[in-house]
Amino acid sequence: MIKIDNNKLLFHLQGKETSYVMQVLDGGYLAHLYYGKRVNEYNGSNKIIYMDRGFAPNPTSEDRTFSLDTIPQEYQAFGNGDFRIPAYQVKLENGSRITDLRYVGHNVYQGKKGLEGLPATYINEDHECETLEIYLEDQLIGLKVTLNYSLFTELDVITRSVKFSNEGQENLQLLRALSMSVDFRESDFEMITLYGAHNNEKNFERRPIVSGIQMVDSARGASSPHQAPFVALIRKETNEDCGEVYAFNLVYSGNFTAQVQVDQYKNTRVSMGINPFDFSWLLNPNDSFQTPEVVMVYSDKGLGGMSRKYHQLYLNNLCRGEFKYKTRPILINNWEATYFDFDEDKILEIAEEGQKLGMELFVLDDGWFGKRDDDNTSLGDWIVDKRKLPNGLEALAQKIVDMGIEFGLWFEPEMVSVDSDLYRAHPDWCIHVPNRPYTFGRNQLVLDLSRQDVCDYIVDSVSKILEAAPITYVKWDMNRHITDTGSALLPANQQEETSHRYMLGLYDVMERLTTKFPNILFESCSSGGGRFDPGMLYYMPQTWTSDNTDAICRTKIQYGTSLVYPPVTMGCHVSTVPNHQVGRMTPLETRGNVAMAGNFGYELDLTKLTDEEKEIVKAQIEEYKQIRELVQFGDLYRIFNPFEGNESAWNIVSKDQEEMVATYVKVLSLPGAPLRTIKFKGLNPEFKYMNLETEEVFGGDELMNVGLTIPRVKQDFHSMKWKFKRVK
Ligand code: DGJ
C-alpha cells in the first residue's frame with residue numbers, strides 16, 4: 001500500500017517485501033529517504049545529516065548546511081547546486097538551462113493509467129496497483145512535472161515515469177528527460193548489465209562500481225544487442241539465490257541510457273531513461289511530454305528472486321492480447337533451411353514434413369516478396385514474388401493450412417531497399433540528411449517512422465497481406481540501426497526529436513496492427529535479440545532470442561535473457577549441424593533440450609533429416625507438448641551459470657509446485673571433472689516427487705538439499721533432462 005503522512009509530507013510505498021520512502025523537505029525539495037527491504041513503519045531513523053561539506057552550494061545564504069549536492073533526491077535538477085547527473089534539463093527561450101522544481105501537491109489513486117503513445121505495464125484489475133503522482137513546479141516559467149510511482153503491491157514491483165507539462169507562456173526545450181533516478185547513501189554495490197552483439201546477445205557482466213560515472217547506453221535507434229536497457233545494483237555477496245538486488249529495466253525500444261554515478265561522498269545515483277545524447281524536445285505552451293517507464297525490482301533473494309518478479313510482472317502486466325496466457329505453437333521456420341533460395345514446392349515439402357513430425361506452425365521467412373533473391377533489394381515492396389510462388393501467397397498459405405498446420409509470415413516493415421518500387425516512388429521516405437550520401441546497413445535504409453504517411457503506408461501494406469491470406473503468425477524483423485538521423489518533415493530546431501518520434505511512430509504502427517489483427521501471434525526480431533526489450537513485448541508477446549542457434553552459445557544467450565524476460569517470450573529453435581553461426585557439431589538431443597528452455601521450434605531443412613533423426617525430432621515434439629505449459633508459464637530457477645564454467649543447468653517448476661522439469665548441459669567432457677550432484681530449486685519440501693523416467697520417488701527437500709547425482713557421460717556437448725511429478 002501507499003502510506004502518506006500528510007503533515008510530514010512523507011510517502012511510503014510499501015510492497016510485499018519492499019519499501020520505498022520519500023519526503024518533501026523545507027523549501028519544497030523532494031528527498032529520497034529509503035529503498036530496500038520492507039519496513040512496517042518508517043519513522044526517519046536514517047536521518048539526513050546536514051553539514052557544510054566542501055563548500056557545497058546552498059539554495060539560501062542563511063543555511064550553509066543545506067546543499068542539494070549532498071542531499072539524496074528523487075528527481076534532480078541542473079544548476080541549482082547538485083553537480084551530479086541531473087534527471088532532467090530544460091532550456092528556456094532566453095537560453096538559460098536553469099530550472100527550479102518544488103513540490104506543489106500530490107494525488108494517490110487505486111489502479112494505474114496507461115502512458116500516452118508508449119508501452120507500459122498495465123493492470124488487469126484495480127486492486128493490483130496503487131499510483132502516487134507527485135507534482136513539482138517551476139513557478140517562474142510554469143513548468144509542471146508529474147512524478148508517477150505505481151506500486152504493484154503483491155508482485156512487489158515499483159514503476160516510475162515522468163510527465164512534463166508546459167503551463168507557462170514561453171517555449172521550452174527539454175534537453176534531458178530521464179524516467180527515474182534513485183540516490184543511495186552508499187556505494188557498496190556491484191553492477192550487472194547485459195552486453196552483446198549480433199549472434200551473441202545478453203552476456204552477463206558483473207563489475208564493481210567505482211567513483212565517477214559508469215554507463216551503458218544505446219544511440220543506435222534501437223535498444224540494440226550491444227547493451228540491454230537493464231542495470232542491477234547488487235551486493236558483493238549477492239548470488240543467484242541470496243542477497244540484495246536493485247534492478248531497473250526501461251520499457252522502451254530506442255536510444256537509452258542507464259547510468260550509475262558514485263559521487264565524492266560515496267553516494268550512488270542510478271538513473272535511466274531516453275538517451276539525452278542527440279535528443280531534445282520542443283515543449284510549446286500547453287504541450288506535454290511523457291517519458292517511458294522504468295520497472296524497478298528489489299529482491300533480497302538474489303538474482304533468481306529478481307528474475308521471477310520480472311517474469312511474473314511481464315506475463316501478467318506487460319504482454320497483452322489473446323496469446324498472453326496461451327501456450328505457443330511449435331513452429332518450423334525455413335530461414336536456415338533455404339535462406340532466399342526456395343520455391344513453392346520446397347516450402348510445401350518442409351511444411352509437410354513439419355506437419356508429419358507434429359509441428360504446428362510453418363513460418364515463411366525472408367525472400368517471399370518483390371524480387372528478393374538476396375538482401376540487396378525489395379524491402380518495402382510487400383507484394384508476393386510470383387517467380388518463387390507462382391500461385392501466390394494465399395494459395396500457398398491455404399495449402400499449408402489444409403495440411404493441418406498454421407501459416408506465418410516474415411516482414412521487415414521499417415525498412416526500404418534503394419532497389420524497390422517503394423523507394424523509387426518515395427525517395428524522401430527514408431531517414432537521411434539532404435545532400436549527403438546515405439550510410440547503408442545490410443544495403444538497406446530505414447523508413448522515417450516519425451512521419452504519419454510512412455506509418456500509414458506500413459499499416460496499409462502489411463494489412464493487405466494479412467487480410468488476403470490465412471496468416472496466424474507474423475515475424476516482425478528489423479535488421480539495421482539508424483544513421484543519418486533526421487527527418488525531412490521536422491523543422492531545424494526539432495531535428496533532435498527524430499529518434500523518439502521514430503519510436504512513437506513504430507509503437508503506433510504496432511498498436512494499430514496488433515489491434516486490427518488480434519488473432520495473429522506476433523514475434524518481434526531484430527537480427528535476433530537486437531530489440532529484445534519490454535517495449536516490444538507490450539505489442540508482441542515473444543521475441544526471436546538470437547540468430548545464433550548453436551546449443552552451447554544459446555545456453556549463455558538464454559541465461560542472460562532469462563535474467564529479465566520469461567521463457568515463453570524467448571524464441572528458441574533447433575537448427576542443423578554443423579551450426580551455421582559457429583560451425584559446432586552438437587547432438588540433436590542437446591539442441592532440443594536447450595531449445596526446450598523457451599518457446600520451442602525448428603529452423604532447418606526437415607526434408608534432409610535421416611529417419612533416425614526424424615524419430616528423435618518427433619519424440620522431442622511430443623515431449624515439449626507435455627511440458628509446454630510448465631516451461632512457458634512456470635517459475636524458472638537457474639542452477640549452474642554457463643558464464644562461470646563448463647556446465648549450465650536450470651529447472652522450471654509449475655506454479656502449484658506439482659511438476660518440475662530440469663535440464664543440464666555440459667560443454668566439454670573433461671577427465672578431471674568432479675562428479676556432481678544437481679540441487680533443484682523451488683520445489684515444495686513437503687511434497688514427494690517421482691522421476692517420470694525411472695519412477696524413483698524423492699522428497700522435495702531431498703531433491704533440493706541433497707541433490708541428484710549427475711550421471712557421467714563421456715561426450716562433449718552432452719545434456720540431460722529430468723521430469724518430476726508430485727505423487728501423493
Ligand atoms: C534476421 C533474423 O534474425 C533472421 O531470423 C532472419 O529472419 C533474417 N533476418 C532474414 O533476413
Side-chain angles (χ1 to χ4, degrees), residues 196-202 220-226 253 331-342 346-347 350 361-382 384-385 388 407-417 419-420 440-447 462 465 471 473-482 521-533 536 540 542-550 553-554 557-558 561 569-576 579-582 591 595 598-605:
H198 176 225
N199 278 334
N200 185 24
E201 295 88 341
K202 308 277 184 301
R220 311 175 74 95
S223 50
S224 96
H226 304 268
S253 315
L331 66 82
I332 166 70
N333 175 305
N334 74 306
W335 179 241
E336 285 201 22
T338 64
Y339 296 102
F340 297 100
D341 185 16
F342 59 83
K346 182 73 205 171
I347 293 303
I350 297 175
L361 163 70
F362 175 84
V363 179
L364 179 57
D365 210 281
D366 196 354
W368 58 267
F369 53 92
K371 295 193 171 56
R372 191 145 161 103
D373 295 332
D374 56 33
D375 55 12
N376 289 310
T377 85
S378 303
L379 290 169
D381 295 348
W382 302 111
V384 72
D385 181 354
K388 289 182 191 171
F407 180 75
L409 195 60
W410 179 97
F411 289 91
E412 194 177 358
E414 297 159 67
M415 299 291 153
V416 62
S417 305
D419 183 5
S420 70
F440 289 91
R442 210 190 187 198
N443 205 13
Q444 63 196 51
L445 301 172
V446 186
L447 287 170
V462 172
I465 298 282
I471 294 169
Y473 163 104
V474 164
K475 178 173 173 188
W476 184 291
D477 206 347
M478 193 268 192
N479 286 307
R480 65 156 291 184
H481 293 141
I482 303 180
L521 171 62
F522 285 84
E523 173 159 342
S524 82
C525 170
S526 179
S527 309
R531 214 166 45 178
F532 201 141
D533 60 54
M536 281 297 134
M540 308 193 168
Q542 59 190 62
T543 303
W544 177 225
T545 313
S546 177
D547 273 356
N548 188 340
T549 51
D550 170 66
C553 295
R554 273 294 186 125
I557 295 168
Q558 292 171 194
T561 306
T569 63
M570 293 195 257
C572 303
H573 300 172
V574 172
S575 63
T576 195
N579 173 267
H580 288 191
Q581 291 76 38
V582 295
R591 282 175 272 151
N599 198 325
F600 189 56
Y602 289 79
E603 186 158 336
L604 73 175
D605 189 346

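Start at 1 and go down the list; that is how both ligands and their atoms are numbered.
- Checked against Glu201 for a side-chain hydrogen bond (donor to acceptor under 3.5 Å, both in side chains), the options Ser224, Ser527, Ser546 give a single hit: Ser546.
- Scanning the protein heavy atoms around atom 11 (O) of ligand 1, the nearest turns out to be Asp366 OD2, 2.6 Å.
- Shortest contact from atom 9 (N) of ligand 1 to any protein heavy atom: Asp477 OD2, 2.7 Å.
- Glu412 places a side-chain N or O within 3.5 Å of a backbone atom of Asn479 that can act as its donor or acceptor partner.
- Between the side chains of Ser223 and Ser253, no donor-acceptor pair of N or O atoms lies under 3.5 Å.
- What you find for Asn443 and Asp375 is that their closest heavy atoms are CB-O, 4.3 Å.
- Only the side chain of Asn479 comes within 4.0 Å of ligand 1, judged by heavy-atom distances.
- Note on Lys371 versus Asp419: no salt bridge recorded, every NZ/NE/NH1/NH2 to OD/OE distance being 4.0 Å or above.
- When only non-hydrogen protein atoms are considered, atom 5 (O) of ligand 1 lies nearest to Lys475 NZ, 2.7 Å.
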Between Asp366 and Asp477, is a side-chain contact (heavy atoms from CB on, under 4.5 Å) present by the stated rule, with each step listed? CA-CA 9 Å; Asp366 196 354; Asp477 206 347; over 6 Å; no
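- With respect to atom 4 (C) of ligand 1, the closest heavy atom belonging to the protein is Asp547 OD1, 3.4 Å.
- The part of Arg442 lying near ligand 1 is the side chain, judged by heavy-atom distances below 4.0 Å.
- What sits closest to atom 6 (C) of ligand 1 on the protein, heavy atoms only, is Asp365 OD1, 3.4 Å.
- The shortest N/O to N/O separation between Arg372 and ligand 1 does not fall below 3.5 Å.
- At a cut-off of 3.5 Å, with distance as the only test, no side-chain donor of Gln581 or Asn199 sits close to an acceptor on the other residue.
- With a heavy-atom cut-off of 4.0 Å, Cys525 touches ligand 1 through its side chain alone.
- Near Trp544, meaning under 4.0 Å from any of its heavy atoms, are these atoms of ligand 1: 3 (O), 5 (O).
- At under 3.5 Å, a nitrogen or oxygen of Gly528, whether backbone or side chain, sits near a nitrogen or oxygen of ligand 1.
- The heavy-atom pair separating Ser575 from Thr549 by the smallest distance is OG-OG1, 2.7 Å.
- Here's the thing with Ser526: none of its N/O atoms is less than 3.5 angstrom from an N/O atom of ligand 1.
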